[in-house]
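Everything numeric here is computed off the predicted structure, so don't read it as measured data. Just follow the structure's listing: the first ligand is 1, and inside any ligand the first atom is 1.
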Amino acid sequence: MSAYLSIEGIARRFRTPKGTNTVFEDLWFAMDKGEFACVIGHSGCGKTTVLNILSGLEEPDGGVVIMDGQAIDGPSLDRAVIFQSHALLPWKSVLGNVAYAVASRHKDWSREKVRAHAERFIEVVGLKGAEHKRPAELSGGMKQRVGIARALSIEPKMLLMDEPFSALDALTRGTLQDEVRRICVETGQTVFMITHDVDEAIYLADRIVLMTNGPQASIAEIVENPLPRDRRRLDLHKQPDFYALRNHLIDFLVERSRVLRDSPPAGYDRRRPPVVRPTLATEPVGALSPRRTAGG
Ligand SMILES: Nc1ncnc2c1ncn2[C@@H]1O[C@H](COP(=O)(O)OP(=O)(O)O)[C@@H](O)[C@H]1O
Ligand SMILES: [Mg+2]
C-alpha cells in the first residue's frame with residue numbers, strides 16, 4: 001500500500017558567498033492518513049525548510065513529495081499551515097478571517113453557508129463570543145486559536161505546524177495542545193508538526209522524527225510513541241514508559257544529534273532510518289530527568 005504522504009529523496013541547497021550550504025539531501029519519510037508526526041532537531045537543522053517544501057512554498061533542489069497520489073508543486077488549500085505567529089488580516093474580525101479562508105476553499109458556497117461553517121470552527125477552538133473582535137483586541141493565545149480555526153476550517157488533507165505554541169505562556173500552550181489533540185484525534189487529521197519541546201512531542205505525536213544537526217542533516221531515527229492513545233497531558237508522567245521515551249529524546253538532543261551526523265551507524269540507510277520504540281523494558285530509567293528543550 002502506498003503512503004498518504006511520501007517524502008522521496010528531497011534535497012535543499014543554498015548558495016552562499018562561502019560556497020554551497022547543503023541543508024539536507026536524499027531525505028525520505030512517509031506518513032499514513034490520520035497520523036500525527038512531530039519533528040525534533042536543533043535549530044538550523046532544516047525543519048522549517050522541510051515544512052516549507054511540504055506546504056509548497058519552497059521547491060526542493062532534488063527529490064519529490066507525493067501527497068495522496070499527487071506530486072506537490074506549489075501551495076494548495078489541501079495543506080494548511082500554522083506558524084509560530086499569525087498573519088491574520090488585521091482589518092477583519094475573527095469571523096472575517098476564518099470566513100475568508102472558507103470562502104477561498106469553497107467558492108460556490110453561499111455567504112450563509114460560509115458563515116455557518118466558519119462559526120462552527122470558531123466554536124471548536126473556544127472563541128465563541130469573540131467572533132466580532134479584531135486581531136488587535138485579542139491576546140496571543142486567542143490569535144493562535146484563530147489561526148488554528150482558520151487552518152482547520154478548510155479541512156485540509158494535511159495540517160502543517162511550525163512550533164505553533166512556542167510563543168505562548170505555559171497555561172495557554174497546554175490548553176491549546178489539548179484542543180489540537182482532541183480535534184485531530186476526533187477528525188483523523190493528518191499532521192506534520194515541528195516542535196522543540198520534548199514533552200509536547202510525547203503528548204501529541206504517534207511518531208517522532210529525530211533530525212541530526214545541520215548542515216547535511218539527516219533523519220537519524222524514527223521514534224514510535226509507546227504511550228497509550230488515550231493518554232492525558234497531565235498524567236503523562238504516570239505512564240510507565242514516559243521517562244524511557246523522554247530520556248531517549250533528550251539524550252538525542254544533548255549528544256546523539258551531533259554524533260550521528262558525524263558518524264552514522266553501520267548499515268544506516270537513508271530510505272529506512274532505524275525505528276525505535278523506547279519503553280521501560282528496553283531502556284530502564286533511574287532518576288527523574290530535568291525538563292530540557294532543544295531551544296528553537
Ligand atoms: N532563504 C535561505 N537562504 C539561505 N539559507 C537558508 C535560507 N533558508 C534557510 N536557510 C538555511 O537553511 C538551514 C536550515 O534552516 P531552517 O529550515 O530554518 O532550520 P530549523 O527550522 O531547523 O531551525 C539554516 O542553516 C539556514 O541558515
Ligand atoms: Mg524553524
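- Side-chain contact check for Glu8 and Ser6: at least one donor-acceptor pair (N or O, by modelled atom type) lies under 3.5 Å.
- Phe252 and Val39 are not part of a single hydrophobic cluster, where members link through side-chain heavy atoms under 4.5 Å apart.
- A side-chain N or O of Thr195 and one of Glu200 form a donor-acceptor pair less than 3.5 Å apart.
- At a cut-off of 2.8 Å, Ser43 does not coordinate the Mg ion (ligand 2) through any N, O or S atom.
- The atoms of ligand 1 that sit less than 4.0 Å from any heavy atom of Val23 are 12 (O), 13 (C), 14 (C).
- Residue Arg271 qualifies as open at atom CZ: its count of foreign heavy atoms under 6.0 Å is 12 or below.
- Contact annotation for Ile194 and ligand 1: no heavy atom of the residue comes within less than 4.0 Å of the ligand.
- The shortest heavy-atom contact between Cys45 and Ala217 is O-CB, 3.3 Å.
- For atom 23 (O) of ligand 1, the candidate residues are Ala217, Gly44, Gly41; the nearest heavy-atom contact is made by Gly44.
- At a 4.0 Å cut-off, not a single heavy atom of Gly214 sits close enough to ligand 1 to count as contact.
- Judged by the shortest distance from any of its heavy atoms, Cys45 lies inside the 4.0 Å radius around the atoms of ligand 1.
- Contact atoms of ligand 1 toward Thr49: 14 (C), 15 (O), 16 (P), 17 (O) (distance under 4.0 Å to a heavy atom of the residue).
- Heavy atoms only, all atoms of each residue included: Asn213 and Arg261 are closest at O-CD, 3.2 Å.
- The Gly46 neighbourhood of ligand 1 comprises atoms 14 (C), 16 (P), 17 (O), 19 (O), 20 (P), 22 (O), with distances under 4.0 Å to a heavy atom of that residue.
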